[in-house]
K.L.:
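Pasting in a structure now, in C-alpha cells, and then I'll have a few things to ask.
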Amino acid sequence: MAAVLSCAVALPAGFRPNDILAFYRRDVQALSERADEHGFSKGMLWSGKPACLTVQFTRDSALIQLALDGRMPAGSAERLESMARRMLGLKQGVEEFERAHRGHPIIGPVLANQAGLRVPVAATPFEALTWAITGQQVSVAAAVSIRRRLISLIGKPHSSGLLCYPDPDQIAALPPDILREVGFSTAKAATLAMLSRLVADGELQLDDWLDAASVDDIRDRLLSLKGIGPWTVDYTLLRGFGWMDGSLHGDVAVRRALQTLTGSSDKIGEKEAQQWLSAFSPWRALVAAHLWASLSNTTY
C-alpha cells in the first residue's frame, strides 16, 4: 500500500532555489537524490519505511510531496511541513544578518553578490552527523564517494527507484570491516558504529533535540563522544539543526576563502579565522556559508 502526503510552503522574496538544488546534485550518480532546474527528490526512511521526498519550486512557494511505500503514520503532515521548512533554511534569519553586515568592508560585497543565501539542512540530524563524520579531513568529492558506497550497500529501495539514506539501525548492524571497505578509516568506522548504536538504542535522541534541547546541551553531549570534535559538532549543528552561530574556523575552505577575500599573502590559521569570525556572532556559520559559496565550483 502506498500513501502520498502533500503541502505547500510559502517562500520569501529573493529565495534562491539553486543553493538548495546544488546541495542535492553533490552525487552525479544520483542513487539517492536527484535534482533538475525545478526541484529535487530524495530517498529517505520515514518511520522506518521507504519514502521519496519531492520538492518542486515555483515563483513564490515550494510544493512538498512525500510518497511512502506503506501506510502513512499519524502526525506525518505536521512533521513533513516542519522538516521542509528546516531543510529549505526558512528559519535562518538571513534578512536580519544581511541588514546588520551589508556595510562590512570585506563581507559586505560578498553579501551583495550572494543576497538571500541560505544553508541547505539535511532531512534529519542523524544524516547531518554522519555526513560530518564522513567529511572529516577529506575532500567533498571523497566524502560523496564514501557516502554513495554506503547508500549503495544498505540503502533500502523506494518504488521511485531511489535508494533511501540508511537509518541508525542499519548502520549499527554493519561489522566495522564493512564500513572500512566502503571507505571509512578505522577511527571513523568506530565512531560511526558507536553513534549509530547510541541513536538506535535511544541514548542519543537527535530528533528530540530539534525542539527540546539547547545548543549548549547538544554540543556538550556530542563532544563527550570519542571521535567527535568541535568542527564536527558545529557542522552538525549547522547542517542538522539549522544553527547559524557555529564557528567553523577549522574548515579549510573557510580559511582559504578568507585568505582570498582579505588579500593575505599568508595562509589564514585557525586562531586568526576564529578571531575574524567572532565579530559576526550569532551568524558565524552563515558567514562561513558565504565564504564557501564565494569559492567557485565549491559544494559546501
Side-chain angles (χ1 to χ4, degrees), residues 1-92 94 116-128 130-131 144 147-148 150-152 154-170 206-207 210-211 239-242 299:
M1 177 184 293
V4 176
L5 186 63
S6 302
C7 67
V9 175
L11 298 176
F15 183 83
R16 297 161 46 119
N18 285 336
D19 294 333
I20 308 297
L21 297 177
F23 186 64
Y24 290 100
R25 293 191 184 107
R26 287 172 296 175
D27 188 352
V28 296
Q29 294 191 22
L31 293 182
S32 65
E33 299 163 349
R34 58 181 175 229
D36 57 26
E37 65 271 24
H38 303 297
F40 68 89
S41 296
K42 174 182 175 59
M44 60 182 298
L45 294 176
W46 189 266
S47 298
K49 301 173 185 175
C52 178
L53 172 71
T54 300
V55 177
Q56 291 289 307
F57 294 110
T58 68
R59 185 170 58 86
D60 55 7
S61 65
L63 307 179
I64 317 297
Q65 183 182 86
L66 183 75
L68 182 68
D69 288 347
R71 188 181 298 275
M72 193 70 68
S76 290
E78 181 179 335
R79 177 182 164 196
L80 176 63
E81 182 172 346
S82 177
M83 182 185 71
R85 291 183 180 278
R86 186 174 65 253
M87 291 176 69
L88 299 180
L90 297 180
K91 302 178 181 180
Q92 293 179 5
V94 300
L117 183 145
R118 298 169 191 273
V119 180
V121 174
T124 66
F126 178 74
E127 183 174 350
T130 53
W131 172 240
V144 167
R147 179 180 185 268
R148 179 196 307 131
L150 177 66
I151 294 171
S152 180
I154 59 174
K156 293 180 180 179
H158 179 259
S159 54
S160 65
L162 290 175
L163 296 179
C164 300
Y165 193 82
D167 66 10
D169 294 276
Q170 289 178 279
L206 296 177
D207 289 341
L210 284 168
D211 301 311
R239 283 284 187 219
F241 296 86
T299 301

K.L.:
Applying side-chain hydrogen bond (donor to acceptor under 3.5 Å, both in side chains), can you list everything that pairs with Ser6, at least two apart in sequence or on another chain?
P.N.:
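Here no residue qualifies.
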K.L.:
When you measure from the side chain of Glu78 to the backbone of Gly75, do you find a donor-acceptor pair of N or O atoms at a distance under 3.5 Å?
P.N.:
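No, because the side chain of Glu78 does not come within donor-acceptor range (under 3.5 Å) of the backbone of Gly75.
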K.L.:
Report the residues that fulfil side chain to side chain contact (heavy atoms under 4.5 Å, CB included) with Ser159, sequence neighbours left out, ordered by chain and then residue number.
P.N.:
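Counting only residues at least two positions away or on another chain, Ser159 forms a side chain to side chain contact (heavy atoms under 4.5 Å, CB included) with Asp69.
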K.L.:
If you measure from CZ on Phe241 to CG on Asp211, what distance do you get to the nearest 0.5 Å?
P.N.:
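With rounding to 0.5 Å, CZ (Phe241) is 10.0 Å from CG (Asp211).
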K.L.:
Measure the acute angle between the ring planes of Phe40 and Tyr24, then classify it against the limits of 30° and 60° as parallel, tilted or perpendicular.
P.N.:
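Aromatic pair Phe40/Tyr24 classed parallel.
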K.L.:
Run the side chain to side chain contact (heavy atoms under 4.5 Å, CB included) check on Tyr165 and Thr124 step by step: do they pass?
P.N.:
CA-CA 10 Å; Tyr165 193 82; Thr124 66; 5.8 Å; no
K.L.:
Give a yes or no on whether the backbone of Ala123 and the side-chain of Arg86 come within a donor-acceptor separation of less than 3.5 Å.
P.N.:
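Here the side-chain-to-backbone pair exists.
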K.L.:
Between Gln170 and Cys164, does a side chain to side chain contact (heavy atoms under 4.5 Å, CB included) hold up when you go through it step by step?
P.N.:
CA-CA 11 Å; Gln170 289 178 279; Cys164 300; over 6 Å; no
K.L.:
Applying salt bridge (charged side-chain N to carboxylate O under 4.0 Å, His left out) as the test, list every pair that has at least one member in residues 38-47; sequence neighbours left out.
P.N.:
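Qualifying pairs: Glu33-Lys42, Lys42-Glu127.
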K.L.:
Kindly state each residue pair satisfying salt bridge (charged side-chain N to carboxylate O under 4.0 Å, His left out) with at least one member in residues 44-66, sequence neighbours excluded.
P.N.:
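Listed once each, the pairs would be none.
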K.L.:
Test side chain to side chain contact (heavy atoms under 4.5 Å, CB included) on Met87 and Val55; report intermediate values, then the result.
P.N.:
CA-CA 10 Å; Met87 291 176 69; Val55 177; 5.9 Å; no
K.L.:
Could you check Ser47 against Arg79 for side-chain hydrogen bond (donor to acceptor under 3.5 Å, both in side chains), going step by step and ending with a plain yes or no?
P.N.:
CA-CA 11 Å; Ser47 298; Arg79 177 182 164 196; 3.2 Å; yes
K.L.:
What pairs with Arg85 under side-chain hydrogen bond (donor to acceptor under 3.5 Å, both in side chains), at least two apart in sequence or on another chain?
P.N.:
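Partners of Arg85 by the side-chain hydrogen bond (donor to acceptor under 3.5 Å, both in side chains) criterion, ordered by chain and then number, come out as Glu81.
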K.L.:
Is the backbone N or O of Pro125 less than 3.5 Å from a side-chain atom of Arg239, with the two atoms forming a donor-acceptor pair by type?
P.N.:
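Not at all, since once roles are kept as given, no pair shorter than 3.5 Å links the two residues.
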K.L.:
Given Leu11 and Leu90, is the side chain to side chain contact (heavy atoms under 4.5 Å, CB included) satisfied, shown in steps?
P.N.:
CA-CA 8 Å; Leu11 298 176; Leu90 297 180; 4.2 Å; yes
K.L.:
Got a second to check how far Thr58's OG1 is from His38's NE2, nearest 0.5 Å?
P.N.:
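Taking OG1 in Thr58 and NE2 in His38, the distance rounds to 11.5 Å.
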K.L.:
So, the side chain of His158 versus the backbone of Leu53: is there a donor-acceptor pair under 3.5 Å, distance only?
P.N.:
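No; judged by distance alone, with no hydrogens or angles, the pair does not exist.
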K.L.:
Within this structure, what is the CG-CG distance for the pair Leu163 and Leu31, rounded to the nearest 0.5 Å?
P.N.:
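Answer rounded to 0.5 Å: 6.0 Å.
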K.L.:
Restricting to salt bridge (Lys or Arg N to Asp or Glu O under 4.0 Å), what partner residues turn up for Asp27, sequence neighbours left out?
P.N.:
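Checked Asp27 against salt bridge (Lys or Arg N to Asp or Glu O under 4.0 Å); matches are Arg148.
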K.L.:
Distance check, rounded to the nearest 0.5 Å: Met83 atom CE versus Leu210 atom CG?
P.N.:
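So the CE of Met83 and the CG of Leu210 are separated by 11.0 Å.
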